[in-house]
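Only one structure is covered here, and it is reproduced in the block below.
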Amino acid sequence: MASEDRNPSPPPIEVLDNDDDIEILQADLIEGTAFSKKWTLATLLKLGKEVEKEKEGKDEKEAAEANAHGIDISEDLENDLCRLWDMSTNMLVSKYLEEWKTVDILLDVIVKSNAPRVVEIAMGILGNMACSPPIALNFSENKQLRDLVLATLGSSDARTLIETTRLITTCLSMQASQELWLSAISIGEKEVFDKLCFILQSSTNCDLLHATSNLVDTVLDVDEEILNDWATTTLIQAVTEAHKQVIKEKPEVVSMLLHILNILSTTDTGVETLVETTESILPLVIGYISSVCEQDDVMSVRGREHSISSAVSVLDVLANTSPPNLDAVLKHNPKTLPHLLCILAAAKDTSPGPSEPKKAMIEQPTLPKNGQDSSSSPSDIASASQSDKKTEVSQHAPGGDEASQDSSVAEVSQNATVAEVSKDASMADVSQDASATKVTQNAPVEVDDSDDEEIECVAVVTKESNFLTDVLMEFFCNLLENHDAGTSDLISCINSCKKEHLDMLKQSLTETNPELLQVLDTKPSG
């Protein structure tokens, strides 16, 4: 490959002959970077010409076949496009690309190209550029871009869909651009909903299921109207099918799916749908709780607080809606309540107490929703304070803890040849601007040797453990309050737990709901 065919590293200053050479070199560099303007524009021009050539010399039958099955591109062009894709993680490069109307070129490529790899890279570059809030806002104000991106959710190419969902999620995560995308989704709501559910139900690509779950979770978490419209058995079925696919290969997606169910439990419509699909949901929720308790013991809940809280909140709705559902929970796995008491004990061990250090790293909440007063109707008897739960759910990023380990930052340039690009320029600031999606709000806190960092870390752990403890105590209080001594084996089940766990529950009830202690002493009928 000739040297002019790649994006060259700048020559050392000492080898340049004179000041004119230095000025020429500097004039070709994108400001603040070591990337070549000439190479960047030449690559875009080459891409445009390649797309125009795709249909040259083809009759209608050949063109239709290419459209149906896709075509390949040359290795040289693919390598250059991958380099450009990597470069776009640099916000200065993204700004330069936007100034040169690259968005129009890439949209034209997405519309016209029959090469899936080209469309994927074009969408990936747009996704990287959107990590800059000003660029994301400009994208969001472009109706043609919004419509085309949403239409691309119907693509049959998994890698294209991953980049498409990432772009939408990134724009939705930014306050300034959020409403424009929600409006576009609402206009084509059924079509968008059907496409997302189809992906969750039918895809075997775990990375795509991760990206799609993240998008669905984000949409539901920021728009209550869409949340009510999407709270259907179709979505529940899609979530359970996705769960079957990812449970072994990508456990962090399970956390995201649980969070989707948790969000549904914050509305009356969602509660009704969850209750209607109890039989489908129980294996997912109870299976996750059981997975936390290995050999009937919990080593630690640290790092899993959000996921466990989501599972318990959904189980609260299912178990406390009516006695038959409580019986279904107990029969599905008799160890569920002992497991939850075990988790409660572990959470209390992690949490030193209700008070927190003043200096704490508090998560920035997502858009809190307006609460609704709960009633005593069957549909929401399980959630005595639905409006509070809704705010709590919104305060935790989708997918919670495990999801942060595989956030969209890592996906920014997953298919590009990073090793080659790193020869050409420093990528030191790549990750700083590529972390727009909500999932990163709950990234693990790194602790160094400083006392301040340790205090902050302890504060975060305390906050999360206290939150999980509150969710679990609410669950057990709801069970005892709604208990009908003549219809279930609840008391026998709780009293069969380990003595230290039962004593811990009684102590907690003494502090919070002493009137429920007498329920534990009730002798089951018969």
Side-chain angles (χ1 to χ4, degrees), residues 1-11 25 28-30 33-56 66 69-94 96-98 100-131 152 155 157-164 166-167 205 207 408-431 434:
M1 182 185 291
S3 61
E4 61 269 17
D5 291 334
R6 62 185 293 276
N7 186 27
S9 301
L25 172 63
D28 183 49
L29 298 180
I30 298 174
T33 76
F35 295 117
S36 166
K37 295 178 182 177
K38 179 181 177 182
W39 182 90
T40 301
L41 296 178
T43 300
L44 290 171
L45 183 61
K46 189 192 304 184
L47 172 60
K49 289 181 177 179
E50 182 68 22
V51 172
E52 293 297 330
K53 284 167 51 181
E54 285 183 13
K55 294 184 172 59
E56 287 182 4
H69 302 290
I71 62 173
D72 295 324
I73 59 174
S74 69
E75 184 177 350
D76 287 346
L77 177 59
E78 181 175 352
N79 288 339
D80 284 346
L81 291 177
C82 283
R83 293 187 183 100
L84 184 59
W85 188 2
D86 279 323
M87 289 165 56
S88 65
T89 60
N90 185 307
M91 292 299 102
L92 295 173
V93 174
S94 290
Y96 176 78
L97 291 174
E98 186 186 33
W100 282 90
K101 308 297 182 185
T102 302
V103 175
D104 295 337
I105 297 174
L106 295 178
L107 292 181
D108 191 57
V109 166
I110 293 170
V111 170
K112 294 181 178 179
S113 180
N114 291 318
R117 182 62 169 155
V118 168
V119 177
E120 175 204 357
I121 294 173
M123 196 68 75
I125 293 172
L126 290 175
N128 285 353
M129 294 173 65
C131 290
T152 307
S155 171
D157 181 68
R159 296 198 299 187
T160 296
L161 287 170
I162 290 172
E163 298 309 318
T164 303
R166 186 174 71 88
L167 170 58
N205 186 308
D207 290 329
S408 61
V409 180
E411 298 172 2
V412 165
S413 55
Q414 56 183 335
N415 296 302
T417 52
V418 178
E420 296 181 57
V421 174
S422 63
K423 298 175 185 177
D424 301 325
S426 169
M427 306 294 286
D429 58 344
V430 165
S431 63

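Throughout, residue positions are numbered sequentially from 1 according to the sequence presented. Side chains included, hydrogens not; waters and symmetry mates left out as well; all remaining heavy atoms used. Remember, predicted model here, so these are calculated numbers, not experimental data.
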Open item on the list: Measuring from atom CG of Leu45 to atom CG of Leu41, what distance do you get when rounded to the nearest 0.5 angstrom?
Closed with: 8.5 Å

Task: Smallest separation among heavy atoms of Ser88 and Ser94, with atom names - done: O-OG, 2.7 Å

Open item on the list: To the closest 0.5 Å, what do you measure between CD1 (Ile73) and CG (Leu81)?
Closed with: 5.5 Å

Task: Charged N-O contact under 4.0 Å between Glu163 and Arg166 - done: yes

Open item on the list: On a heavy-atom basis, which atom in Val93 and which in Met87 lie closest, and how many Å separate them?
Closed with: CB-O, 3.4 Å

Open item on the list: Once rounded to the nearest 0.5 Å, what's the spacing between atom CG of Leu47 and atom CG of Leu84?
Closed with: 8.5 Å

- [ ] Of all the heavy-atom pairs spanning Ser155 and Leu161, show the shortest one and how long it is.
- [x] O-CD1, 3.3 Å

TODO: Run the numbers on Glu120 and Arg117 for salt bridge (Lys or Arg N to Asp or Glu O under 4.0 Å), then give the verdict.
DONE: CA-CA 5 Å; Glu120 175 204 357; Arg117 182 62 169 155; 2.8 Å; yes

- [ ] To the nearest 0.5 Å, tell me how far Lys46 NZ sits from Asp80 CG.
- [x] 4.0 Å

Task: Stepwise side-chain hydrogen bond (donor to acceptor under 3.5 Å, both in side chains) test for Asp28 and Ser36 - done: CA-CA 6 Å; Asp28 183 49; Ser36 166; 2.7 Å; yes

Task: Residue pair Arg83, Trp39: steps toward the side-chain contact (heavy atoms from CB on, under 4.5 Å) verdict - done: CA-CA 11 Å; Arg83 293 187 183 100; Trp39 182 90; 3.8 Å; yes

Task: Heavy-atom closest contact (Leu97 atom, Met129 atom, distance) - done: CB-CE, 3.9 Å

TODO: Measure across Ala122 and Ile110 and return the closest heavy-atom pair with its distance rounded to 0.1 Å.
DONE: CB-CG1, 3.9 Å

Task: Gap separating the CG atom of Leu44 from the CD1 atom of Ile105, nearest 0.5 angstrom - done: 5.0 Å

Task: Reference residue Ile162; test side-chain contact (heavy atoms from CB on, under 4.5 Å); the match among Asp207, Leu167, Asp157 - done: Asp207

Open item on the list: Nearest 0.5 angstrom please: Lys38 NZ to Thr43 OG1, how far?
Closed with: 11.5 Å

Open item on the list: Using modelled atom types and a 3.5 Å cut-off, is there a donor and acceptor pairing between side-chain atoms of Asn128 and backbone atoms of Trp85?
Closed with: yes

Open item on the list: Please determine whether side-chain contact (heavy atoms from CB on, under 4.5 Å) holds for the pair Leu126 and Leu107, giving the CA-CA distance in whole Å, both sets of side-chain angles, and the decisive distance to 0.1 Å.
Closed with: CA-CA 9 Å; Leu126 290 175; Leu107 292 181; 4.2 Å; yes

Open item on the list: Which heavy atom of Val119 sits nearest to which heavy atom of Ser113, and what is that distance?
Closed with: CG2-O, 4.0 Å

Open item on the list: Is it the case that the side chain of Asp108 and the backbone of Asp104 share a donor-acceptor pair, with hydrogens and angles ignored and the cut-off at 3.5 Å?
Closed with: no

